[in-house]
Every structure is written in structure tokens, then in C-alpha cells.
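All values below come from the heavy atoms of this structure, side chains included, with hydrogens, waters and symmetry mates left out. Sequential numbering from 1 along the given sequence is applied to the chain's residues.
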Amino acid sequence: METYGSSFTNVKSYLRALSDTPHRLARRACSVSTTFEETSRVRARSGGDMKRSLRWYDLVGFGVGGMVGAGVFVTSGRASNMCAGPAVVLSYAIAGFCALLSAFCYTEFAVDMPVAGGAFSYIRITFGEFLAFLTGANLIIDYVLSNAAVARSFTGYLCTALGISTESRLRIIVNGLPKGFNEIDIVAVLVVLALTVIICYSTRESSLLNMVLTVLHLVFIVFVIVIGFTRGETKNFREAGYENHASGFFPFGASGVFNGAAMVYLSYIGYDAVSTMAEEVRNPVKDIPAGVSGSVILVTVLYCLMAASMSMLLPYDMIDPDAPFSGAFMESDGWRWVSNVIGVGASFGILTSLLVAMLGQARYMCVIGRSSVVPAWFAKVHPKTSTPVNASVFLGICTAAIALFTDLQILLNLVSIGTLFVFYMVANAVIYKRYVSIGVTNPWPTLSFLFCFSLTSILFTLLWQFAPPGKPKAFMLGACTAIAIAVLQLFHYMVPQAQKPEFWGVPLMPWIPSMSIFLNIFLLGSLDRPSYVRFGFFSALAVLVYVLYSVHASFDAEEDGTLSQKSIELVKESIEVQDHTLRV
């Protein structure tokens, strides 16, 4: 039998099969029955099945625990002091609305195909294996880096709770290493390894631990909110602390509110990890919508109350950007103990967000391993614990190694762009899934709409960020908005839905996913240059891995080392459809 690696013809044919032409993309927009057939076939590579033991309240707990971590204790101060002022409350509301729109898109996919893997699985059945691998690889990298950052922040908040110095007690300074990599954090490593053992043991026990930590953390959050509302003053919503600074509820204007929303959106990242556990949910149709959407709504309310509490405690220009809550009480006579309480509460929040994120990253890696674009060893599910032990241990060790020596600020600069990119891709995928069906609809109208709407959103974002203020800028922004609405309305009336979900679907299609596309692009435009450099570097690395390894070993190409007959047939049928279209 001729092997895949020895045949140039097979390589060329397979690359043609992988090319995401509109007609091949149309074949990816499968019906629910076809999707389940393929996902079941791929899932069999894990050996055992993951145990369905989670209910809606478990998912709400995971969602709240994953989102309400250390982020809100840091990003809120920076957003208020540098971007939005007291209007940071609205920034959190806008960011929460954006997160809810993305959550709707995730929910439709998770209900239709309740398997582990989240965005990787969704993008793979719509846009193909290559884009799925690219987005999945970036998302896993973001998970590992952000988990390392969160683990290191645990040490800082633990020191705040204990009232000791981080540098002198819990971290070891190595003068021979470069700055930013010379503080050895043993505590962070121990926390990551301990949580790795827990998530390997049982998902159900992990849920119980998460529930306990989340409840304790919520108690501390309510405590902070109550203290802020009882001790704070409403005049701080209107007045600045220094005379030379702008006052009022909107000291930085409307643009500051949206820039603040982009900054605090990091505090919402974590709900997507809930969708990766869909394979372990007892009743996906009822539990997943309630778990995902309920957790986002609950967290949005808590964040807005925390932001209001913080704004009442101090004028926006006197808030400590790095420690907004604990800093407000640090210098107050008789209230210094509150900062220690906040440190304890933040420590619980860090543990819950880290636990949920580590659960999510392991399931992403497990499903990517099922497709064989990475070694199938990562896909193995332990027969006794029913958890992806191999993926959990590997990523846990990687996270611990990075958390050992890499500074928190360096890690934070490398996080978030990959996650926003995945949210953008999932919003596109849910529209494509609804409007394109195998051999029934032409994919060009849907692809043209997605391209035009994304391009208009990019132009709007560039104008918002770089155009000088004035009437010309307002006119151009208004023109972009009108064009986007016109394109959306034209698509809505001229292109009918090819298939509607059987159980649960995103309402107001295609308006809600389109709004999610715009908001994710808008938030991507607010990120700094190092984020894009990292994204480009890791994306190029992912493409290299895919070309040198994944394309040869992937499940789509694999059949005893040869090109699968299924892929050849897809190429032939794609060419036949293309030729027929050209003749017409």
C-alpha cells in the first residue's frame, strides 16, 4: 500500500481537500445527525467516555468560578483610573452584554453537539480542520499563560491576606536571571500541581470543590459591596479628587467608557470553559443554556455592583490602579483589616478561576487529540476517573513551569487576543451553520455577508482608535454604522435560514451573532501591539506544526497511513460542484 508521506500526488490532493473553498465549507455545515455521527466516531479515540454527572447549577458554579477571579480586583481599578472614571459601571455592563452575546453562540453549538472541546469542535464542523486547529492552539496557549498569571497573583493576594511582603517571604529572588524572570514562585507551582491532581481525580469532586470555593468567594464579594455602599459617598460619582482633573460621571467621555469595557472584558473570560464540559452534562438541552447564560448574567450584576462600590469609596483619580479595593482601606484608621479580608476573598476567587480554566484547557486538548492533529495520547480518558488525565497532567506541568519564574505583568501582556479571536470565530460559525446546508444552499451569500460585515467592523474600529476627533470622524463612524446595518438587513431579508436548531438556538438571528462579531472586533482593536506580536508568532508556530505534523496524522487524513477515501471523495465532489456552478 502506498503511504501518504511517499506520494506527492496524495499530498497535493489532500491539501486541496483541506483548502477552505466555499463549496467545501458548505459540506462542513452538516445536519445534526451527521454532526453526531462524526463526533461519536472521533470521540471513540479516547477509549472511555466522560461521565455525565453535571447539572445546571454545577455549570453556573463553574461559570461564576471561572469568571470571578483576580481579574476584577485589578482591571476595575485600571479601567476607572485610566479610562472611564465612575462610568466604569457602564463599562462592565457593556462588557457583560458582549459576553452574553458570545455565550448565546456557544450555547447553540453546545446543545446541538454536547461533546467536550468547545470552540475547536464547533469551528471544525463548520470552517474545517485548519482554522479549528489554529484557533484551538491559540486558545490553549492563552489558557496556559493566563493560568500561570493567575497562579502567580495568588501568591500576591495570599501575602495581602497574611499582611507580609511577597518579595521577602514567599518568592525567591535569583539575581543571575533577567528581570521579569528572576522571581521564583514556589507557591504558584504548588497550587497548580495540587489543582492538577484534583481535576485528574474526578470532575464531580472538582465541581464540589469549586462550589465551596465559589460560595466563600461570593460571601467576600458581597462583603466588599456592602462596605463600599455603607462607607462610601455618592459625591464621588460626580467629583474628582484633584482640581486639575476632569470631574463628572463621564470624565473621559463616551470613548473612555468603551475603552474601559475592552479593558474589563478580561474579567469575563472563563464562561467558554463551561461549554468544554458539555460531554459531562446530564441534560444538555436544559442545563447548558441555564448554566452558561445564567452565570454570565449573575457575574455581570456582581461586577456592576462592585464597580459602583469602588467608585463610592474614592474619587476615580485617587483609586489605586493595581489594588483598588484593598488600597482604599489600607490607609484608613480602623479599616486596615478590610484589606486583609479582601486578600482572603481574592485568594478564593483565584483558586476557583484557576480550577475552572484548568478543567477547560484539558478538555480542549483532549478533543484536539481525538482529531489526531496532536498526538492521540492527549485524547485518552482514564477508565476509572473518566477524566482526560494525560492532557490535564501535561498542561498542568506546562502551567507550573511558566508560573515558576515568569513575571505577572509579562504574562498579562500575552493574554486575551486569542480568546477574543475564538469568540469572533464562533459567532461567524453559528451564522454559517444556520444559513448553509449540504447540497442545498449556495455558501457564497453567507460568506460574502460575513466578509463584508467583518470588514466594516474593522474599518469602524480603526476609525475609532486612530482618527482625530471632530465632525469628520463622527461622519465616517456614522457611515460605517449605516453600511453595517444595511448589509445585515439585506442579508436578513434575502438569504433564508437553511436549518433551524431542534432544541435551542440563538434568538434574533442573525442580529445577535452579528453584534457579537462587531463587539469582539472592537475589543480586539483596543489591545496593544505586543498582543498582536504574540498572536502572530504563536499562529505562525501553529501553522508550522500543522503543516509538518498534523496534516499527515489528522483524523480526516488517517486511514492506515494513507489518504482517506472520504477526503478524496470530498475533493471530487467539491470540484464537480464548482464546475457545475461555473457552467450555470
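Using cut-offs of 30° and 60° for the angle between ring planes, the Tyr106 and Phe423 rings count as perpendicular.
Counting only distance, with no hydrogens or angles, the side chain of Ser454 and the backbone of Phe451 share no donor-acceptor pair below 3.5 Å. For Ser516 (side chain) and Ile512 (main-chain N/O), no donor-acceptor pair under 3.5 Å exists by modelled atom type. At distances below 3.5 Å, at least one donor-acceptor pair connects side-chain atoms of Ser309 with backbone N or O atoms of Val224. Remark: the backbone N or O of Ala308 is not paired with any side-chain donor or acceptor of Ser311 at under 3.5 angstrom. Although no hydrogens or angles enter the test, the distance criterion places a donor-acceptor pair under 3.5 Å between the side chain of Ser295 and the main chain of Val292. In this structure, the side chain of Asn81 engages the main chain of Ile319 through a donor-acceptor pair within 3.5 Å. Side-chain atoms of Ser102 never come within 3.5 Å of backbone atoms of Ala99 as a donor-acceptor pair (strictly under, hydrogens ignored). A donor-acceptor contact shorter than 3.5 Å links the side chain of Thr456 to the backbone of Cys452.
For the ring-ring contact (aromatic ring centres under 6.0 Å, His included) test, residues two or more places apart in sequence or in another chain that qualify with Phe491 are Tyr435, Phe449. For the side chain to side chain contact (heavy atoms under 4.5 Å, CB included) test, residues two or more places apart in sequence or in another chain that qualify with Leu305 are Ile225, Phe229, Val301.
When all heavy atoms of Leu459 and Cys480 are compared, the closest pair comes out as CB-SG, 4.2 Å. Here the closest non-hydrogen pair linking Pro510 and His492 is CD-ND1, 3.4 Å. In plain terms, the two heavy atoms of Val426 and Cys105 that are nearest each other are CG1-CB, 4.0 Å. Across all non-hydrogen atoms, the minimal contact from Val436 to Thr441 is CA-OG1, 3.2 Å. Across Ser437 and Ala498, no two heavy atoms sit closer than the pair CB-CB, 3.7 Å. Of all non-hydrogen atoms in Ala93 and Thr300, the two that sit nearest each other are CA-CG2, 4.4 Å.
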Next on the checklist: Set out, in order, the CA-CA distance, both residues' side-chain angles and the distance that settles side-chain contact (heavy atoms from CB on, under 4.5 Å) for Cys83 and Val88, then state yes or no.
Outcome noted: CA-CA 8 Å; Cys83 296; Val88 69; over 6 Å; no

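Each of Phe249, Phe252, Phe237 was scored for a ring pair (Phe, Tyr, Trp, His ring centres under 6.0 Å) with Tyr316, with one residue passing: Phe252. Tested against Phe127 for a ring pair (Phe, Tyr, Trp, His ring centres under 6.0 Å), the candidates Tyr424, Tyr432, Phe133 yield a single pass: Tyr432.
Here the CD1 atom belonging to Ile288 is positioned 7.5 Å from the OG1 atom belonging to Thr107, to the nearest 0.5 angstrom. Here the CE atom belonging to Met310 is positioned 11.0 Å from the CG atom belonging to Asn236, to the nearest 0.5 angstrom.
Judged by the 6.0 Å distance and 45° axis criteria, Lys286 is not positioned over the aromatic ring of Trp504.
For CZ of Phe258, the number of neighbouring non-hydrogen atoms (other residues, nucleotides, ligands) closer than 6.0 Å is 12 at most.
Between the side chains of Thr399 and Tyr143, not a single donor N or O lies within less than 3.5 Å of an accepting N or O.
Sorted by first and then second residue, the salt bridge (Lys or Arg N to Asp or Glu O under 4.0 Å) pairs involving residues 94-110 (not counting sequence neighbours) are Glu108-Lys433, Glu108-Arg434.
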